[in-house]
Protein chains: 2
Amino acid sequence: MAFTPATTEQRFVLDHVVRIGEIAATERYAAASDDVVDAVLEGVGQLASGEWAPLNRTGDTVGAKWTPDGVVMPDGFAQAYKDYVEGGWGGIGVEEEWGGQGLPFAIQTAVLDTLGSANMGFALCPTLTVGAIEALQHHGSPEQQALYLPHLATGEWTGTMNLTEPQAGSDVGALRATATPLGDGKWSIKGTKIYISFGDHDMAPNIVHLVLARTPGAPAGTKGISLFLVPKFRLQEDGTPGEFNDVRVVSIEHKMGLHASPTCVLSFGDNDDCIGELIGAELGGIRAMFTMMNNARLNVGLQGVQVAEGATQGAVAYALDRVQSARAGSPNKDSVKIVEHPDVRRMLMRMKAQTQAARALVYYAAGQVDRANLGDCAARNRLELVTPLAKAHGTDLGNEVASLGIQVHGGMGYVEETGAAQYFRDARITPIYEGTNGIQAADLVGRKLGLDNGGAFATLIADIRAEAKDERLLALVDACEAIGRKLATADADDKLAASYPFLTMLSVATCGWLMERQGGVAGTDDFGRMKAAAVRFYLDQIVPEAMGLNAAANASAAVLYSIEPELFAA
Amino acid sequence: MAFTPATTEQRFVLDHVVRIGEIAATERYAAASDDVVDAVLEGVGQLASGEWAPLNRTGDTVGAKWTPDGVVMPDGFAQAYKDYVEGGWGGIGVEEEWGGQGLPFAIQTAVLDTLGSANMGFALCPTLTVGAIEALQHHGSPEQQALYLPHLATGEWTGTMNLTEPQAGSDVGALRATATPLGDGKWSIKGTKIYISFGDHDMAPNIVHLVLARTPGAPAGTKGISLFLVPKFRLQEDGTPGEFNDVRVVSIEHKMGLHASPTCVLSFGDNDDCIGELIGAELGGIRAMFTMMNNARLNVGLQGVQVAEGATQGAVAYALDRVQSARAGSPNKDSVKIVEHPDVRRMLMRMKAQTQAARALVYYAAGQVDRANLGDCAARNRLELVTPLAKAHGTDLGNEVASLGIQVHGGMGYVEETGAAQYFRDARITPIYEGTNGIQAADLVGRKLGLDNGGAFATLIADIRAEAKDERLLALVDACEAIGRKLATADADDKLAASYPFLTMLSVATCGWLMERQGGVAGTDDFGRMKAAAVRFYLDQIVPEAMGLNAAANASAAVLYSIEPELFAA
């Protein structure tokens, strides 16, 4: 299926949701002029539709393969990646000091949106590199920055995040990998990490692993964790990759989807010859990890947008082509394109509206990254508050839209050839990795509601209320405010039992606000009319639907703990 | 993962939802004594857990394979099928006249529930045979019945349903397969059918295809369709399979899931040597098809129950075993089983509640089949009304629960080895085949609301209202009644635009009624306490959630048609 970059929509969201003009008016982001933004969106759209999208199905059917010499990507990926590097796409959001283009995070978000809509599994590679860059920019020493950042900024080298171990999934503090000082400022790294996306591949001459490990005598839990930089190949005197650094790919996972992305089990120091460098302070790993993870969470929320965009384009194309049955109630008994049938239209409209909502939410959060970088403390708080929403609700919507995409295709959606099934399979990991959506909900009620003594939450509510006009949206906002206040003082079990429905309600309220705003400025051209219809559908149907979660978000944990755990098996 | 038959739950639902005692009190179903029912549930549970469940993963990973000589099933399936036939499980619901056991359809439902919870793809084979048996029982000639039913009743021969053609999916009337009279009462069949589940396999010496085709001069559309019996091997004088009947398996589909079930493209009469017999009257095909399809729809709704049961068992077992993180708010900092975490419990409780709700709805509908067979006209109407609910909502719940099952497993859910992903992939076809869920919703608002001049709908509402006590449930019933009245006179587009959310609301109201009833009679043993908790969760959270669809179910089609179809691609 042909992929069309959502350039008009992206530009519209950048203008009216991110308000990129305000960001570009600052000295730091002056490079983000209208012309440059347009050129970036156009350019990456060409790369995505011309080179990345045609590899989407190969990525799924052939997939990354483990070999004793490392992971081999399907044919075509190395070249498409090379063109990405040479086009300068890796450095969009990286500071100019390191060879990047210094554009706002929101623009980098749009670039990754386009690449991932074309080929989500492939785009995970640049996404992870961006995480490594951010960790080094914030926590690396000047030497580390000078040696590694220029190569990461171009995408010439790629990056990974190594958190998870078999016994330490969501509970990062339980990890056991060790780092032992070698006396020369370097460390010997030992341990096994699992679920390492693009932990190995054959598209780059080096891979920079950021690895969480424990130093000798470190306290238990997250306080005892340090972050290490562990290259696949150690750097030589001239800074080029040299000797193999004893990082072995044990296997790759047999996953339901996202086959283009090799999910590796990495073994560090099997031969006691894996050398790492500390990033930031010893025992400061969890802080550095959160730097890396927070934006990574937005980028996973963005994967929800990507898969929703791809699935919607596929379903719309199918519904505009497939002829089946006459329209009910019509005197004309000729079969029509299925887009003419009301329930198919309802599904397509929902797909459009939810895709737009997800994009608005994630881009909005991305804009807060830029504002926070500009020193805006309110934006920093806003970012903290909306990050779990963007990650969890963005990925939930990606899954919902991908499922509707199959349904629009009917039986054809269940056979692999149409690609609808791939979106559905690819999407399903996104509510899990980078902190499960349940953990996002726990983060929302456990940390974010209390941020700034509740000020961050109160300000979001006030901002929505100040701008929103739709009555149902305002009712949802009222409900969110009441629940937020109640949960702030609830006990842990009650708070967590209500967290997920509350997260959904607050996400829909935020999306409703941003959608209504877009509806207010939509023009009368084709794009504007589609936008207006999607906004109206969102406010008319999706906002009231979220109010249905009010009971669950107000429920206590009592019913959940009314039985012993073993009774679930009764 | 070990599969445990849900015998206690099934018995409880048969007693309190189906009220099997009333049915067994009739002469026709006197065989369904308490002892017999218990023995059936126990016996099929042993077959399912001992032989069918261990093949579930093989069915997925190896799958049915196409060869030039026909479809080959994975190792072990032929033997497991033989044991099913020899155990007498095929004939549970077939009239004794044909060698069956003459038990109620509700009992057969429980049997298929257990087999499909163990191995959904495999259980589709008996499910389809049951459809063929019903068509022949109702529409076959005495000769056809005598020749075929005894072999189908045991399951020795299997059956298929051949409706779909490439250009005729949901629009059955568009089919083009032809039947030409041969002069001896037989017909020459020619055409290609797609999506034929178990259209070929190597577990039975003959396969009985029921094929919709057009006779010469037949009118266009569904009125011109006749139903034909087309065996894979023609019967010899002695009734045993003889000559090959020119039914060729062209290919099998490469599906996202349900790999144990070969989905065939069948070509009839490539060599002009495919002979069929008319079933029922010429041009009476659509009526015969509906006989076959209506109960097939219940059996697909039952697949939602099956997949929900399997996925829930898997997730519960994992959550009772996997240790991760301390419980939030607890002074004890030791890691606990994840079932102790509130959001995991919420997911498990939801899985239990939705599985129970789906089972109640589908078994309830199955009980109406028996009551209708006993001549109860009200039950016949009730069956008609709840069939689209059971099919659509049952399968929607199967999908929801399978997705939660992955989420409970975290990253392990996305790798194929745990089996959680298989449930998710297997489930996704069920909202599509046997009439998409959108078509079920159209059937509800287009035909069923008006049944008996609205009496069928009004009676369901009255029955629920007479028994229900929960206020939120009563509010949902009121809302359903109001929407139903409004839709009865709405124009076609508005009716269809609101059909899906309305179907969900009415389904939840019906499930809420049946769940509340069960909660009222649940005992104080482990099973009863789990039941009571699930019922409370259902009424407290899921019923109010459905009220959130009220706006969508009251919306007109205006917003959907406010744009030209091409704008969906804008």
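Keep in mind that this is a model prediction, so the values were computed, not measured. Just the heavy atoms: all of them, side chains too, but no hydrogens, waters or symmetry mates, feed the values below. Within every chain, numbering begins at 1; the chains are lettered A, B, ... in the order of the sequence lines, protein sequences first and strands thereafter.
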Is [X] close to chain A through its backbone or its side chain, or both, or neither, when contacts mean heavy atoms under 4.5 Å?
{"X": "B:V559", "result": "both"}
{"X": "B:M351", "result": "neither"}
{"X": "B:A421", "result": "both"}
{"X": "B:D540", "result": "backbone"}
{"X": "B:A174", "result": "neither"}
{"X": "B:S403", "result": "both"}
{"X": "B:M547", "result": "neither"}
{"X": "B:E9", "result": "neither"}
{"X": "B:F537", "result": "both"}
{"X": "B:R425", "result": "both"}
{"X": "B:H341", "result": "backbone"}
{"X": "B:L258", "result": "both"}

Heavy-atom pairs under 4.5 Å with chain B are the metric here; pick the option from [options] that has the most.
{"options": "A:I406, A:V543, A:N437", "value": "A:I406"}
{"options": "A:L348, A:T8, A:I429", "value": "A:I429"}
{"options": "A:R428, A:E416, A:R536, A:R529", "value": "A:R428"}
{"options": "A:K337, A:Q167, A:Q422, A:E564", "value": "A:E564"}
{"options": "A:P342, A:A492, A:A498", "value": "A:P342"}

| said: Tell me if a side-chain donor or acceptor on B:Y414 pairs with a main-chain N or O of A:T430 at a distance below 3.5 Å. | reply: no
| message | Treating A:E545 as the side-chain partner and B:N550 as the backbone partner, does any N or O pair qualify as donor plus acceptor under 3.5 Å? | response | no
Which atom names give the shortest non-hydrogen contact between [X] and [Y], and what distance separates them?
{"X": "A:A328", "Y": "B:D493", "result": "O-OD1, 4.5 Å"}
{"X": "B:Q541", "Y": "A:A552", "result": "OE1-CB, 3.2 Å"}
{"X": "A:D343", "Y": "B:G438", "result": "OD2-CA, 3.5 Å"}

| task | For B:L496 and A:R346, run side-chain contact (heavy atoms from CB on, under 4.5 Å): C-alpha distance rounded to whole Å, both residues' side-chain angles, the deciding distance at 0.1 Å, then the answer. | result | CA-CA 9 Å; B:L496 291 168; A:R346 179 191 62 82; over 6 Å; no
